[in-house]
Peer 1: 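Encoded as structure tokens, here's the structure I'll be asking about.
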Amino acid sequence: MSIELAARELPTQYDHEGAQNRWYPFWKERGYFHSEPDPDRQPYTIVIPPPNVTGALHLGHALNNSLQDILIRWRRMQGFNTLWMPGTDHAGIATQAVVERRIFEQEKKTRHQIGRQALVERIWAWKNEYEARILGQLEQLGCSCDWQRTRFTLDAVCARAVRHTFFRLFKDGLVYRGKRLVNWDTALQTAVSDDEVFHETVSGHFWHFRYSVIDPRPGEPEFVSIATTRPETMLGDTAVAVHPDPALALAEAEAELREKLAQASAKEKPALQAELEALAERRRAVLPLLVQLRDMARAGRKVRLPLLDREIPLVADEWAKPQLGSGCVKITPAHDPNDYLVGQRQNLPMINILNPDGTLNENAGPYRGLAIPEARQRVVEDLEKLGLVEKIEDREIELAHSDRSKTPIEPYLADQWFVKMDRLAQSAMDAVTDGRVKIVPPRYARGYLDWLGEKRDWPVSRQLWWGHQIPIWYAPTAGVDDLARAFAGRDDVVWRRDEEHDQWLICALEAELSEDAIPGHKLAREVDVLDTWFSSGLWPHSTLGWPEPTPELRYYYPTSVLVTNRDIITLWVARMVLLGLYNVGDVPFRDVYIHPKILDGYGEGMSKSKGNGVDPLDVIEKIGADSLRFSLAYLTTETQDVRMPVEFECPHCQALLEQTKKNRMLPRVECKKCGQSFSTQWASKPLDLALPRGAVVSERFELGRNFCNKLWNAARFALMNLEGYVPGPLDDDELAVEDRWILSRLATVTAQTTEALEGYRYGDAARALYDFAWNEFCSFYVEMVKGRLQDPAARTTAQRVLAHTLDALVRLLHPMVPFITEEVWQLLGQVAGERGLAKPDRAADSVMIAAWPEADGKRQDPQIETRFARFQEVLKALRDIRSRQNIPPKKPIEFAVCCDEATARLLGPMEPYFASMAGAKATGWGPQVKPPPSSISSRAGSTEVFVDMAGLVDVDAEKARQTKELKRLAGAIAAKERQLANENFVKRAPAEVIEKERTALAQLKQSRASAEAALAKLQTARE
RNA sequence: GGGCGAUUAGCUCAGUUGGUUAGAGCACUAGCUCGACAAGCUAGGGGUCACAAGUUCGAGUCUUGUAUCGCCCACCA
């Protein structure tokens, strides 16, 4: 069969599924993804932000990984030795919470009923399932990861890095154990970090209580008033605070308010005014009392804590704001972050009243054993009986909730492990400040520096079962000599005194210490595990084999770029920088590229916990990974997040159903149009899964789909026309005008694409290629070359340029659309195995390993591009006239162009193309051209195109158009004349700008004259 | 409360050092099955560039303020 016939049999629609199934295994089998250190080549390395194994990937991940793959594929083609390190994150608390919830739903068992070992086994099973799914999704996306190096943050290699890091930190005194107030999740019974807490407004109350002053002297108040939103915490009160200088504090508050008032808008003023008056009133009414209480506090006076009958001191502390409430505040150091600070400052006892499960402990006296809500109710009732409740207000409260269990957070005093941040944080700040790590876009550096600048110690222990167990053993009874004897000669064991608990802390590097490692004493293993960011913070070097000085570590580290989103700049990026510097002595990556976020149709970020994450799987199945990837790249611009409204496609009637907030995560949906139900990507129960599957799609991906299809058909055209292709050097003298033009454009676009990718400007690169491929290659080059492909004399050169241009285009597009470009590359290889202009070469076995095109500056030809611009203008004018006058597409027309000599010379060689592309025959061009007696005109820049109508004119339509045009011109001329009449403009604007404006005005006037003439002629024609 | 970003066509978004009366995709209208492509081709309609003031010969672009939306951080006994 001839090549042409074979090509004709290719489907007119790109078969994405076939290409994906063909080429991914092909690449993988040939080892293209794999990288080995090679000192002769320059490395280019990316470590994947390891996705959590909590669930399947969504479109946000699809974006993140597409962008990485684009960089990796592009750099690979540029000749770098590229490594893309894949893997997944155990995601400690998140994964454990998901699995615990699942077990509770299905078996009604808590983790304590199941036990540590069994639960961990269940989580491993979950991890295996989702890891496989996630890695499969990455493959479907086309990611060219080095799968042989796949890591998991909890695997043996990463575990070893964790042990070594912790050991070093412990040895250097950078990790310590201490009591701190933590966010306690009473459901999961673990501390959670600030980042795992969200606030929700709930309606609650504000209770005002009285504590009686002990032995009030004459003139002294008998009570102090305090207020709280959590009455039960009063059981843990250890003081009542009043401001040390209430007068000054009030004055300052007033001054501040006045300043605000001075700058406030009229709308805000009344409220501020009222506030100011209230403050003045307070100064009169409350201040004396506060001063008195302050003096009492200084004298060491006490109040009686009701219910528990405890004496607690009055203290003077700035935390008590005289402008708020009664001006006095109860202090519960063990259950409130601010009170905790007061407790530290004032040396107050810290009384913990809670058990880990959220019930009250023995410190709560008679309330012991009650859960918080009951305790709250009882405390209020009992205080009411004592007449100590002043009033109860309704109030909206921003209540902290755990992100994981969705239950309220209790501030809770617990022993935790911390990493000292001062030195480490500083090192990470310096790395960004001095440019060793470059954050793109640069505005994100600020948040990073601010956050690190606080240098808050990092709480790293979690009371979980899923994670890296902290390698610490407690020796409460042993003495320092026992330790020295037991671990004599071992440099893999270090110990440190824990004064607070009067015990030794022992850290072992890799060995597990047995209970009786110290003869005569019992060791207890720390049961807590490390924060998940501890192990992911090591990711860039742990995956490369650290602490071993592996060839990989030496060669690939520091990695080239980290591609991630802004949510985890502090949590993760900052930790990687400081731990990388600490462990390896160098930054983990040169660049950090922060990409946009994918938002759902309601502007909310996609996340697994919110449930609005859309699995890209439906999109890939429906329109292919290439379409998805190209669309995402096209949408990746610098400042704008990507809003991605999605729809369900009913499998019964193909209706598109909007994804609403309500239905967005439902396992089954009922079609509004046909009434039948279908399952969605969230289905998990057999009953739902049995239904036909409705895909989640978004019309926003049609851009990519249409583009891929356009590319596919351009390739089909080329293949159909490469019969008899003979490779050979190109003779520049034989190049037609369209050849020179497309080669010029190709050189420019190649440079633009490369430049855009270098600056992580994906959207620019995608746009440049989209416009070139569609509007230049397809719409003009292919159309213009058709004639020569039928002409035996011109065919060879035309084929060579066509094959070369397609070849280059496919290469440029490969990083974004890997599958279709490979498909085309392989097909092209069959008919044109050797390609290239000056000296054709055998094409690479795969476009994936083909060389990235270099912009050939010598091919850039401004003159030919100007010629094309003129040509395109005239062509558009002709088509415009044809369309407006309803001249049938096939009816030949004749036209003349009135223009200057230079333009005439440019247009001359284009004559045949007017015939082939607009069915129009030129009768003349130049300044001498006179309009035919019956003609329609259209202006294009400085030229005017006349089409000989010979009785075809639709007079009314044309008159309307010319009138409208005249109006537009009048406006434009007026604007220009105004500008040119402005003395300042003429005086100050650069000469070239003025000249440009003058020329433009002259042109506009000329256009107006011809429009008037045309209109006049139409009037006559009518009569 | 502090910080960051946004506001341009019905929708989703581009718009470079300030320089013709502002562009794309989708949607819409009209016409096209001509040997690459109807997921297409050709043409068209559609915008007071959020608002106000300022700088400038000239502002979508720079400055200030206002409004609205989103995100991050902190805090609210």
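Chain letters run A, B, ... following the sequence lines, proteins first, then strands; residues in each count from 1.
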Peer 1: Pick base, sugar-phosphate or nothing for A/Trp774, based on heavy-atom distances below 4.0 Å to the nucleic acid.
Peer 2: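 Since only primed, P, OP1 and OP2 atoms lie under 4.0 Å of A/Trp774, the category is sugar-phosphate.
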
Peer 1: Taking for each residue the nucleotide of RNA chain B with the nearest heavy atom, is it A/Leu635 or A/Phe717 whose nucleotide lies nearer the 5' end?
Peer 2: A/Leu635

Peer 1: Provide, to the nearest angstrom, the distance between the CD1 atom belonging to A/Ile623 and the C1' atom belonging to B/G25.
Peer 2: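 Distance check: A/Ile623 CD1 to B/G25 C1' gives 14 Å.
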
Peer 1: Could you tell me the separation between the CH2 atom of A/Trp451 and the P atom of B/G2, rounded to a whole number of Å?
Peer 2: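 Distance check: A/Trp451 CH2 to B/G2 P gives 23 Å.
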
Peer 1: Does B/A14 have its OP1 or OP2 closer than 4.0 Å to a side-chain nitrogen or oxygen of A/Thr637?
Peer 2: yes

Peer 1: Between A/Lys597 and A/Arg443, name the one whose nearest nucleotide on RNA chain B is closer to the 5' end.
Peer 2: A/Arg443

Peer 1: Using atom C1' in both nucleotides, what's the gap between B/A6 and B/C51 to the nearest angstrom?
Peer 2: 15 Å

Peer 1: How about A/Phe777 and A/Leu802: do any of their side-chain heavy atoms sit closer than 4.5 Å?
Peer 2: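 Answer yes - side chains close enough.
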
Peer 1: Crowded around A/Glu755 CD? As in, over 12 foreign heavy atoms under 6.0 Å?
Peer 2: no

Peer 1: Between P on B/A38 and CG on A/Asn709, what's the gap in Å once rounded to a whole number?
Peer 2: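 A/Asn709 atom CG is separated from B/A38 atom P by 8 Å.
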
Peer 1: When the distance from CD1 of A/Ile887 to P of B/C32 is rounded to whole Å, what number comes out?
Peer 2: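 Rounded to whole Å, this separation is 14 Å.
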
Peer 1: Taking 4.0 Å as the cut-off, does a side-chain nitrogen or oxygen of A/Arg882 come that near to OP1 or OP2 on B/G44?
Peer 2: no

Peer 1: Whole angstrom is fine here: how far is it from CZ in A/Phe777 over to C1' in B/C41?
Peer 2: 17 Å

Peer 1: Looking only at atom C1', what distance separates B/G15 and B/A59, rounded to whole Å?
Peer 2: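 Per the computed distance, 14 Å lies between those C1' atoms.
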
Peer 1: Could you check whether A/Asp336 pairs with A/Arg230 (Lys NZ or Arg NE/NH1/NH2 to Asp/Glu carboxylate O, under 4.0 Å)?
Peer 2: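 Result for this pair is yes, salt bridge flagged.
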
Peer 1: Give me the ring orientation class for A/Phe630 and A/Phe707: parallel if the planes are under 30° apart, tilted from 30 to 60°, perpendicular past 60°.
Peer 2: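 The arrangement is parallel - the two ring planes meet at less than 30°.
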
Peer 1: Checking all strands, does A/Lys710 fall into the base, sugar-phosphate, or nothing category for heavy-atom contacts under 4.0 angstrom?
Peer 2: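 Base: the residue A/Lys710, judged by heavy atoms under 4.0 Å, touches a nucleobase.
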
Peer 1: Please give, in whole Å, the distance from B/G40 C1' to A/Gln13 CD?
Peer 2: 11 Å

Peer 1: Rounded to whole angstrom, note down the P distance from B/C13 over to B/U8.
Peer 2: 9 Å

Peer 1: Quick one: A/Ile569 CD1 to B/C73 C1', roughly how many Å, whole number?
Peer 2: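 Taking CD1 of A/Ile569 and C1' of B/C73, I get 12 Å after rounding.
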
Peer 1: Give a yes/no answer on whether the side chain of A/Asn706 brings an N or O atom under 4.0 Å of OP1 or OP2 in B/G40.
Peer 2: yes

Peer 1: Within the structure shown, what part of the strands sits under 4.0 Å from A/Tyr14 by heavy-atom distance: base, sugar-phosphate, or nothing?
Peer 2: nothing

Peer 1: Taking the basic N atoms (NZ, or NE/NH1/NH2) and the acidic carboxylate oxygens, is any pair closer than 4.0 Å for A/Asp626 and A/Arg705?
Peer 2: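 No, this pair does not count.
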
Peer 1: How is A/Arg879 classified with respect to the nucleic acid when contacts are heavy atoms under 4.0 Å: base, sugar-phosphate, or nothing?
Peer 2: sugar-phosphate

Peer 1: Any salt bridge between A/Glu649 and A/Lys622, counting N to O under 4.0 Å?
Peer 2: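 A/Lys622 and A/Glu649: salt-bridged.
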
Peer 1: At 4.0 Å (heavy atoms only), tell me whether A/Gln752 reaches a base, stays on the sugar-phosphate, or touches nothing.
Peer 2: nothing

Peer 1: When you check the phosphate oxygens OP1 and OP2 of B/G44, does a side-chain N or O of A/Lys876 lie under 4.0 Å from one of them?
Peer 2: yes

Peer 1: Have a look at A/Lys786 and say if it touches a base, only the backbone sugar-phosphate, or nothing, with a 4.0 Å heavy-atom cut-off.
Peer 2: base

Peer 1: Applying a 4.0 Å non-hydrogen cut-off, can you work out what A/Arg230 is touching in the nucleic acid: base, sugar-phosphate, or nothing?
Peer 2: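 Counting heavy atoms under 4.0 Å across all strands, no contact is made by A/Arg230.
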
Peer 1: Evaluate the ring planes of A/Tyr760 and A/Tyr762, with Trp represented by its six-membered ring, and classify them as parallel (under 30°), tilted (30 to 60°) or perpendicular (over 60°).
Peer 2: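 Rings of A/Tyr760 and A/Tyr762: tilted, 30 to 60°.
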
Peer 1: Just to be sure I understand the rule, does A/Arg761 reach a base, reach only the sugar-phosphate, or reach nothing, if contact means heavy atoms closer than 4.0 Å?
Peer 2: nothing

Peer 1: Determine the interatomic distance between C1' on B/U55 and the same-named atom on B/A22; round to the nearest Å.
Peer 2: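 Roughly 22 Å separates the two C1' atoms.
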
Peer 1: Does A/Arg446 have a side-chain nitrogen or oxygen under 4.0 Å from the phosphate oxygens OP1 or OP2 of B/G3?
Peer 2: no

Peer 1: If I take atom CG in residue A/Leu769 and atom P in nucleotide B/G25, what distance separates them, rounded to the nearest angstrom?
Peer 2: 16 Å

Peer 1: Over all strands shown, is A/Ile226 touching base, sugar-phosphate only, or nothing at heavy-atom distances under 4.0 angstrom?
Peer 2: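 If one applies the 4.0 Å heavy-atom cut-off, A/Ile226 turns out to touch nothing in the nucleic acid.
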
Peer 1: Tell me which nucleotide among B/C4, B/A36, B/A14 gets nearest to the side chain of A/Cys778.
Peer 2: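 The nucleotide sitting nearest to the side chain is B/A36.
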
Peer 1: Under 4.0 Å between any heavy atoms, over every strand shown, what does A/Tyr770 touch: base, sugar-phosphate, or nothing? Just pick one.
Peer 2: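 The residue A/Tyr770 makes sugar-phosphate contact but no base contact.
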
